[in-house]
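Only a predicted model underlies this, so the values are computations on that prediction, with no experimental measurement involved.
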Amino acid sequence: MWRFGDDVNTDLIIPGRYLSSYDPAHLAQHAMEGLSMTFAKDVRQGDIIVAGRNFGCGSSREQAVVALKAAGVSAVVARSFARIFYRNAVNLGLMVLVSPDACGVFEDGAVVRLDLETLSMLSADGSRKASVEGIPTHVSSILSAGGLIPHLKKRIRQV
């Protein structure tokens with residue numbers, strides 16, 4: 001798990017100087033570079049970002065979500081999200097969960113597991129636990145499909 005604070009803006013997630021290419025692999029190489037020079041090199045498939053308030057504020061660039069997904073991030077858990085980042089994450093199939101306390105419970109580098117059935121985030125040894133808010137059904141169905149476009153394609157095929 002990677003822990004960041006409040007007001008992580010999209011320029012910190014993917015600095016504007018790297019937006020000359022929309023290639024996900026290129027964006028992943030520079031993910032979170034505004035806050036951590038080691039993140040892109042050290043992040044692993046399935047890692048989780050935990051942050052404070054207003055994660056994803058700033059510009060509406062969806063490349064921020066693309067960079068995180070391509071880097072291997074499986075979910076972002078934060079006290080709150082900027083509305084456009086939250087919507088971009090859902091549309092592109094990145095799990096975004098609100099937790100009032102996860103940022104204060106877990107340290108950077110902790111090994112954690114998300115349990116969506118119990119709406120909790122747990123440390124590997126079970127000694128620490130944070131609650132996460134439930135996901136609305138319509139958002140869950142979009143995320144389960146892998147994003148808005150796959151969700152709509154699935155729905156169109158059913159008609």
Side-chain angles (χ1 to χ4, degrees), residues 1-14 24 27-28 31-32 34-36 39 43-159:
M1 172 211 108
W2 297 82
R3 187 174 175 265
F4 298 102
D6 295 337
D7 301 313
V8 174
N9 68 55
T10 54
D11 202 47
L12 295 172
I13 297 169
I14 184 67
L27 296 173
M32 301 305 288
L35 291 173
S36 170
F39 179 88
V43 67
R44 298 291 174 253
Q45 191 69 37
D47 281 2
I48 297 168
I49 289 177
V50 174
R53 291 177 179 83
N54 203 26
F55 188 89
C57 58
S59 70
S60 61
R61 66 178 69 144
E62 64 183 21
Q63 294 96 326
V65 174
V66 172
L68 294 177
K69 280 191 68 173
V73 172
S74 63
V76 179
V77 178
R79 281 193 184 116
S80 65
F81 292 91
R83 289 185 321 180
I84 192 70
F85 180 89
Y86 184 88
R87 194 65 231 183
N88 283 338
V90 170
N91 288 347
L92 295 172
L94 176 63
M95 177 73 66
V96 279
L97 297 162
V98 172
S99 173
D101 52 356
C103 194
V105 170
F106 302 103
E107 297 296 323
D108 190 38
V111 177
V112 298
R113 161 176 81 81
L114 282 172
D115 187 333
L116 297 180
E117 288 184 25
T118 63
L119 296 176
S120 61
M121 187 171 179
L122 305 156
S123 61
D125 65 4
S127 66
R128 295 177 183 248
K129 181 178 180 179
S131 63
V132 296
E133 295 179 7
I135 303 170
T137 304
H138 70 285
V139 172
S140 181
S141 64
I142 294 169
L143 289 170
S144 294
L148 185 60
I149 299 300
H151 172 74
L152 292 174
K153 285 180 178 177
K154 182 179 173 184
R155 290 192 61 189
I156 289 170
R157 280 190 294 249
Q158 292 174 352
V159 175

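Under the 4.5 Å side-chain criterion, counting only non-hydrogen atoms from C-beta, V8 is not in contact with F85. Looking at V96 and V90, their side chains come closer than 4.5 Å, going by heavy atoms from C-beta outward. L12 has its side chain out of reach of F4: every pair of non-hydrogen atoms, C-beta onward, lies at least 4.5 Å apart. Between I142 and V139 there is no side-chain heavy-atom pair separated by less than 4.5 Å. In this structure, the side chains of P24 and K69 stay at 4.5 Å or more apart for every pair of heavy atoms. Using a 4.5 Å cut-off on side-chain heavy atoms (C-beta onward), W2 and M32 make no contact. Side-chain atoms of L116 and M95, non-hydrogen and from C-beta on, do get closer than 4.5 Å to each other. Contact annotation: the side chain of M121 approaches that of V50 to within less than 4.5 Å [non-hydrogen atoms, C-beta and beyond].
The shortest heavy-atom contact between A71 and V43 is O-CG1, 3.3 Å. When all heavy atoms of A89 and L143 are compared, the closest pair comes out as O-CD2, 4.3 Å. Contact between S74 and I48 at its shortest, heavy atoms only, is OG-CG1, 3.8 Å. G52 and A78 get closest at one heavy-atom pair: O-CB, 3.4 Å. Summarising the geometry of G5 relative to A51, their closest heavy-atom pair is O-CB, 3.8 Å, with the distance given to 0.1 Å. Taking both residues in full, the closest heavy atoms of A102 and A130 are given as CA-CB, 3.6 Å, listed atom of the first, atom of the second, then distance.
Considering T10, N9, D11 as possible partners of S59, the one that fulfils the side chain to side chain donor-acceptor pair (under 3.5 Å) test is T10.
In this structure a side-chain-to-backbone donor-acceptor pair under 3.5 Å is missing from D7 to N54. Of the possible donor and acceptor atoms, none in the side chain of S120 sits under 3.5 Å from a partner among the backbone N and O of S131. Side chain of R128 to main chain of A110: no donor-acceptor pair is present (N/O by atom type, distance under 3.5 Å, no hydrogens or angles). Using modelled atom types, one side-chain atom of D108 and one backbone atom of R3 make a donor-acceptor pair closer than 3.5 Å. In this structure, the side chain of R79 does not engage the main chain of C103 through any donor-acceptor pair within 3.5 Å. Checking side-chain atoms of D115 against main-chain N and O of T118 turns up a donor-acceptor pair under 3.5 Å. Proximity of a side-chain donor or acceptor of K154 to a complementary backbone N or O of A145 within less than 3.5 Å is not detected.
Note that CZ of R83 and CG of N88 are 12.5 Å apart. Values are rounded to the nearest 0.5 Å. Here the CG atom belonging to N91 is positioned 11.0 Å from the OH atom belonging to Y86, to the nearest 0.5 angstrom. Rounding to the nearest 0.5 angstrom, the gap separating the CG atom in D47 from the CG atom in L68 is 11.5 Å. The line from CG of D6 to OG of S80 is 7.5 Å long, rounded to the nearest 0.5 Å. One distance of note links CG of L152 with CZ of R157; it measures 11.0 Å at 0.5 Å rounding. Note that the CD1 atom of I14 and the CD atom of E62 stand 13.0 Å from one another [nearest 0.5 Å].
Every residue meeting the side-chain contact (heavy atoms from CB on, under 4.5 Å) condition with V98, not counting sequence neighbours, appears here in chain and number order: F81, E133.
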